[in-house]
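Only this structure's heavy atoms are used, side chains among them; waters, hydrogens and symmetry mates stay out. Convention: sequence-line order gives letters A, B, ...; per-chain numbering from 1.
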Amino acid sequence: MFKILSTKSLNICIASLCRVKNLKKAEAVLIDGIRVGILPDVVTYNTLIDGYCRFFGIDSGYSVLDRMKEAGLNPDVITYNTLLSCASRYRLLSRSFDLFDEMIEVGILPDVWSYNILMHCFFKLGKPDEAYKVFKDIFLRNITPAPATFNIMITGLCKNRYIDNALMLLRNLQRNGFRPELVTYNILIDGLCKSGRWRSAKGLLKEMLDFGHTPNAITYTIVMKCSFKNRMFEEGLEIFLEMKAKGYTFDGFAYCTVAGALLRTGRIKDANECMGNMFRSGIDLDMVCYNTLINLYCKEGKLDDAYNLLDEVEKMGFECDKYTHTILIDGLCKAGNVKGAQRHLKNMNMMGSGTNLVAFNCFIDGLCKLGQVDYAMQVFESLKVKDEFTYSSMVQGLCRVGRFHLAAKLLLSSIKSGMRILRSDKKAVIRCLRSSGFCDEAKKLQSKIRLAKLLYY
DNA sequence: TTAGGGTTAG
């Protein structure tokens, strides 16, 4: 431990303690400093606000802000930006907007970071137009954009499914002398992979290499996931081996990508081996790693092990999320335990963790497969928001018990809502109608589907 | 202080 001789060294020490979540020690260092006459400044408090916000939420950050004001120090633009980014991280988006207004009210001029965070908030709310207004505002106010400004804009466009606009923005920026960073390429390659445009992604990957960028762990994970998605399993696994050789498996990302792909395709033994390797590697595990492991237990039919692990994980201080709930509800349904799934759904709702359509879709699908189609239909009708998975499970379930008229009706209404339908769903309804002697109706349905696709897609 | 990768269902 180095000796604290000035406010600058005090700040360095507090920053390093905050980074590793040792807020208690950081506070002790602060008190020791004051005792020997080294007074904290705005940077000290900003560092503490960031630490508290990061690990204990925005309210604890506000408490430090109060202490800062009591100490006679005024918050600056960095104080507000720290709180803004915290609000954004915890998805307290209206609070971010309030903070932005508040900083202007108290006479602090927002800087490029403030605008960047605001842009990010609008994208998170699914409002790319508003985000674009902020982007333009940066230039109108003669503020110099940071490279992150462009990256936030490109990320937001990709995540809101405006991948072509993101590409256009990249090309426009390049024409104006912008040299894309590795991050920029990663964002776009990921966006292209996720929208199924593997060829364009490959082209961009080549451009990235031509410009002298070295792919990092994130680039590898993106490309590996894309290989699995395109059913190029061997290629995906080769990328994983390359990542290991390069030392890019220092966290759970690569292991969980591989295990997830193996579980999705029923390769449970291989997934088990992959997770075992992850444990033996000694890396720090997070909730995603535990969710993947809980999923493995469910797929192996070991529901008790899954719940025991959940208990352990919660005792360690982790909080289960929507993925944990969905995995367990699906696991319970697939094990035929409707009551257990029902109980879990009820608990999930009581915990108030927000709506979880995927969990309800699993429940509907499970009920249908267990022959409880009426109950499934009841749950289906109770849902205010449905997606193509909800409809698909219900259509298949209805076909299974020969209720093809209702299945046909649902199939058409899903197309009319702009949802993509699976070929297997269409086939199931047509087959069902034909085998029951309704050949004319099957023909009529086919033409209705064709017309609906023309009108609503 | 801001931006990029992993885990759920048909």
Side-chain angles (χ1 to χ4, degrees), chain A residues 46-47 49-50 53-54 76-86 88-89 111-121 123 146-156 158-159 181-191 193-194 215-226 228 243 248 251-261 263-264 278 286-296 298 321-331 333-334 356-366 368-369 387-397 421-422 424-425 428:
Chain A
N46 285 347
T47 312
I49 290 173
D50 183 53
C53 278
R54 202 172 285 277
D76 63 4
V77 67
I78 297 176
T79 319
Y80 272 95
N81 287 348
T82 308
L83 289 165
L84 259 173
S85 66
C86 176
S88 164
R89 202 179 308 127
D111 65 5
V112 66
W113 312 117
S114 326
Y115 283 97
N116 286 350
I117 302 164
L118 197 65
M119 249 167 56
H120 194 214
C121 285
F123 276 125
T149 311
F150 303 118
N151 291 333
I152 292 169
M153 194 65 204
I154 292 173
T155 312
C158 287
K159 293 236 160 93
E181 301 173 307
L182 176 64
V183 177
T184 324
Y185 280 108
N186 281 346
I187 295 165
L188 280 159
I189 292 167
D190 185 51
C193 284
K194 284 192 175 133
N216 62 5
I218 297 177
T219 326
Y220 274 91
T221 315
I222 292 166
V223 178
M224 179 169 70
K225 190 175 162 62
C226 195
F228 289 134
M243 285 184 82
Y248 283 165
D251 58 21
F253 277 80
Y255 288 104
C256 292
T257 310
V258 175
L263 286 173
R264 265 190 297 278
M278 183 180 83
D286 61 10
M287 199 57 221
V288 179
C289 299
Y290 289 117
N291 280 341
T292 311
L293 194 59
I294 291 172
N295 192 19
L296 171 69
C298 286
D321 56 18
K322 61 175 182 172
Y323 288 91
T324 328
H325 293 307
T326 313
I327 289 163
L328 285 164
I329 287 163
D330 187 57
C333 286
K334 295 231 161 72
N356 186 344
L357 179 59
V358 185
F360 277 96
N361 287 346
C362 292
F363 190 52
I364 288 173
D365 191 64
C368 287
K369 284 181 178 150
D387 66 6
E388 48 212 65
F389 285 85
T390 332
Y391 278 93
S392 174
S393 292
M394 207 58 246
V395 167
Q396 292 281 356
I421 57 158
L422 290 182
S424 56
D425 293 342

When all nucleic acid strands are considered with a 4.0 Å heavy-atom cut-off, which category describes [X]: base, sugar-phosphate, or nothing?
X: A/Asn216; value: base
X: A/Cys362; value: sugar-phosphate
X: A/Cys289; value: base
X: A/Ala254; value: nothing
X: A/Asp387; value: base
X: A/Asp286; value: base

Contacts of A/Thr155 that satisfy side-chain contact (heavy atoms from CB on, under 4.5 Å) - sequence neighbours left out:
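So A/Thr155 forms a side-chain contact (heavy atoms from CB on, under 4.5 Å) with A/Lys159, A/Ile187.
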With a 4.5 Å heavy-atom cut-off, do A/Cys193 and A/Val223 have their side chains touching?
no
Kindly indicate whether the side chain of A/Asn46, heavy atoms from C-beta on, has any atom under 4.5 Å from the side chain of A/Asp76.
yes
Going 5' to 3' along DNA chain B, which are the first and last nucleotides with any atom under 4.0 Å from a heavy atom of chain A?
B/dT1 to B/dG10
Give a yes or no answer on whether the side chain of A/Ser88 reaches the backbone of A/Leu84 with a donor-acceptor pair at less than 3.5 Å.
no
Side-chain donor or acceptor of A/Asp50 paired with backbone N/O of A/Cys53 under 3.5 Å
no
Listed by chain and number, what are the side chain to side chain donor-acceptor pair (under 3.5 Å) partners of A/Asp425, not counting sequence neighbours?
A/Ser392, A/Gln396
